[in-house]
Protein chains: 2
Amino acid sequence: MPKQSDIDRVFHALGDPTRRAMVETLGSGPASVSALAKPLGISLAAVVQHLQVLEESGLVTTEKVGRVRSCRLEPKGFRVAEQWIADRKSLIERKFDRLEALLSEEPTPPSGDEP
Amino acid sequence: MPKQSDIDRVFHALGDPTRRAMVETLGSGPASVSALAKPLGISLAAVVQHLQVLEESGLVTTEKVGRVRSCRLEPKGFRVAEQWIADRKSLIERKFDRLEALLSEEPTPPSGDEP
DNA sequence: TTGATTGTCAAGCCGACGCTTAAGTGATGG
DNA sequence: CCATCACTTAAGCGTCGGCTTGACAATCAA
């Protein structure tokens with residue numbers, strides 16, 4: 001089970017549109033820092049800062065070979081976010097089910113109480 | 001398909017730990033503004049501000065009856081976030097599959113090209 | 001009506017965050 | 001070796017976001 005601080009880090013990381021754009025770029029395969037920077041129109045330094053956040057959140061891993069750092073998506077962080085959302089959704093739907101059961105007043109309810 | 005601005009709003013809303021705590025509270029059923037404020041230890045005004053963000057993101061709906069505003073989770077916003085994450089994850093896993101295919105050098109590959 | 005409850009609005013404070021520039025490091029190519 | 005490339009680090013700047021306080025509804029109970 002992921003710790004609270006893991007959840008905090010992942011959602012904080014995904015909260016920024018620039019970082020999400022980087023994640024989307026990485027969706028089509030590993031990329032270097034400058035390749036990530038190009039479509040964003042911001043400085044390399046800014047990208048590096050975002051990468052640090054993404055790495056600490058477990059959404060991205062990087063590996064430096066020679067003078068280029070290669071970045072790729074990491075499933076771990078995504079599972080954390082996915083799980084949290086799935087948990088909330090299941091709660092909503094459980095309520096919905098109960099509501100439906102109440103509203104639909106079936107002709108043959110579990111325990112008939114109509115006249 | 002959700003618009004970019006929808007995605008922005010949802011992830012921005014979920015990016016704040018206080019708002020996520022509110023969502024978790026609402027997981028066990030609808031609650032009033034002051035009920036939401038109690039476990040957080042912040043002012044009512046702050047909670048109302050967070051509620052505005054949550055409502056604009058489609059994660060929460062509220063309805064005022066009498067002098068109490070009742071807040072509940074709304075599936076719509078969650079689907080937006082879930083979808084975005086699922087999309088990224090599918091990309092990661094697709095890569096993984098291809099990698100496995102390459103690494104495992106099957107004895108009977110789809111199109112044999114060995115000597 | 002009076003008073004308490006429940007929430008809303010406006011203003012302002014302040015720390016966190018995203019970004020920039022500038023200077024520095026290490027690998028690579030000629 | 002020297003220049004270039006691909007980052008990295010540090011410092012600083014401006015804005016945004018979360019929170020508070022205080023004044024102001026609106027509703028309910030006695």
Side-chain angles (χ1 to χ4, degrees), chain A residues 4-26 29-73 77 81, chain B residues 4-26 29-73 77 81:
Chain A
Q4 179 67 27
S5 57
D6 292 335
I7 301 176
D8 284 354
R9 271 191 278 269
V10 168
F11 278 103
H12 173 249
L14 291 178
D16 179 73
T18 302
R19 282 192 289 267
R20 281 201 310 282
M22 291 170 64
V23 167
E24 287 174 5
T25 297
L26 290 175
S32 69
V33 176
S34 25
L36 284 174
K38 198 167 305 172
L40 296 173
I42 61 180
S43 71
L44 276 193
V47 172
V48 170
Q49 288 162 13
H50 284 305
L51 272 175
Q52 229 162 334
V53 175
L54 286 169
E55 220 173 338
E56 283 162 7
S57 75
L59 289 160
V60 163
T61 59
T62 76
E63 186 194 9
K64 188 151 186 180
V65 37
R67 60 183 168 182
V68 46
R69 175 171 300 276
S70 180
C71 315
R72 63 173 66 248
L73 294 184
Chain B
Q4 179 68 26
S5 57
D6 292 336
I7 301 176
D8 285 354
R9 272 191 277 268
V10 168
F11 277 102
H12 173 249
L14 292 178
D16 179 74
T18 303
R19 281 191 289 265
R20 280 200 309 282
M22 291 169 64
V23 167
E24 287 175 6
T25 298
L26 290 175
S32 69
V33 176
S34 27
L36 284 173
K38 198 167 304 175
L40 297 174
I42 60 180
S43 70
L44 275 194
V47 173
V48 170
Q49 287 162 14
H50 283 306
L51 272 175
Q52 229 161 334
V53 174
L54 287 169
E55 220 172 337
E56 283 163 7
S57 74
L59 289 159
V60 164
T61 59
T62 76
E63 186 194 10
K64 188 152 185 178
V65 36
R67 59 182 169 182
V68 45
R69 176 172 299 277
S70 180
C71 315
R72 60 174 68 247
L73 295 184

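All values below were derived from every heavy atom in this structure, side-chain atoms included, with hydrogens, water molecules and symmetry-related copies excluded. To find a chain, count down the sequence lines: A is the first, B the second, and so on, and within it residues start at 1.
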Between [N] and [X], is there an OP1 or OP2 to side-chain N/O distance shorter than 4.0 Å?
X	N	answer
B:Arg19	D:dG17	no
A:His12	C:dC17	yes
A:Thr62	D:dC7	no
A:Ser32	D:dA6	no

State the [atom1]-[atom2] distance between [X] and [Y], to the nearest 0.5 angstrom.
X	Y	atom1	atom2	value
A:Ser57	A:Gln52	OG	CD	12.0 Å
B:Leu26	B:Leu51	CG	CG	7.5 Å
B:Leu73	B:Met22	CG	CE	10.5 Å
B:Gln4	A:Arg20	CD	CZ	6.5 Å

Tell me which of A:Asp16 and B:Ser70 sits closer to the 5' end of DNA chain C, going by the nucleotide each one is nearest to.
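It is B:Ser70, whose closest nucleotide lies nearer the 5' terminus.
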
Both B:Ser34 and A:Val65 contact DNA chain C. Taking the nearest nucleotide for each, which residue is further toward the 5' end?
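Here B:Ser34 is the residue nearer the 5' end.
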
Rounded distance (Å) that lies between atom [atom2] of [N] and atom [atom1] of [X]:
X	N	atom1	atom2	value
B:Glu63	C:dT8	CD	P	13 Å
A:Leu54	C:dC17	CG	C1'	14 Å
A:Leu14	C:dG18	CG	P	12 Å
A:Asp8	C:dC17	CG	C1'	16 Å
B:Lys64	C:dT5	NZ	C1'	12 Å
A:Arg9	C:dA16	CZ	C1'	17 Å

Would you please test A:Arg19 and A:Leu14 for side chain to side chain contact (heavy atoms under 4.5 Å, CB included) and show each step?
CA-CA 6 Å; A:Arg19 282 192 289 267; A:Leu14 291 178; over 6 Å; no

Output yes when a side-chain donor or acceptor of A:Arg9 lies under 3.5 Å from a complementary backbone atom of A:Gly58, and no otherwise.
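Side chain of A:Arg9 to backbone of A:Gly58, a donor-acceptor pair under 3.5 Å: no, none is there.
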
Would you be so kind as to tabulate the donor-acceptor pairs closer than 3.5 Å made by side chains of residues 32-48 of chain A, with sequence neighbours excluded?
from: A:Ser32; atom 1: OG; to: A:Ala35; atom 2: N; distance (Å): 3.1
from: A:Ser43; atom 1: OG; to: A:Ala46; atom 2: N; distance (Å): 3.2

On a plain distance test, is the side chain of B:Arg67 in donor-acceptor contact with the base of D:dT27 below 3.5 Å?
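Pair found.
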
Contacts to DNA chain D from residues 37-53 of chain B, heavy-atom cutoff under 4.0 Å, which residues?
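DNA chain D contact set from residues 37-53 of chain B: B:Ile42, B:Ser43, B:Ala45, B:Ala46, B:Gln49, B:His50.
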
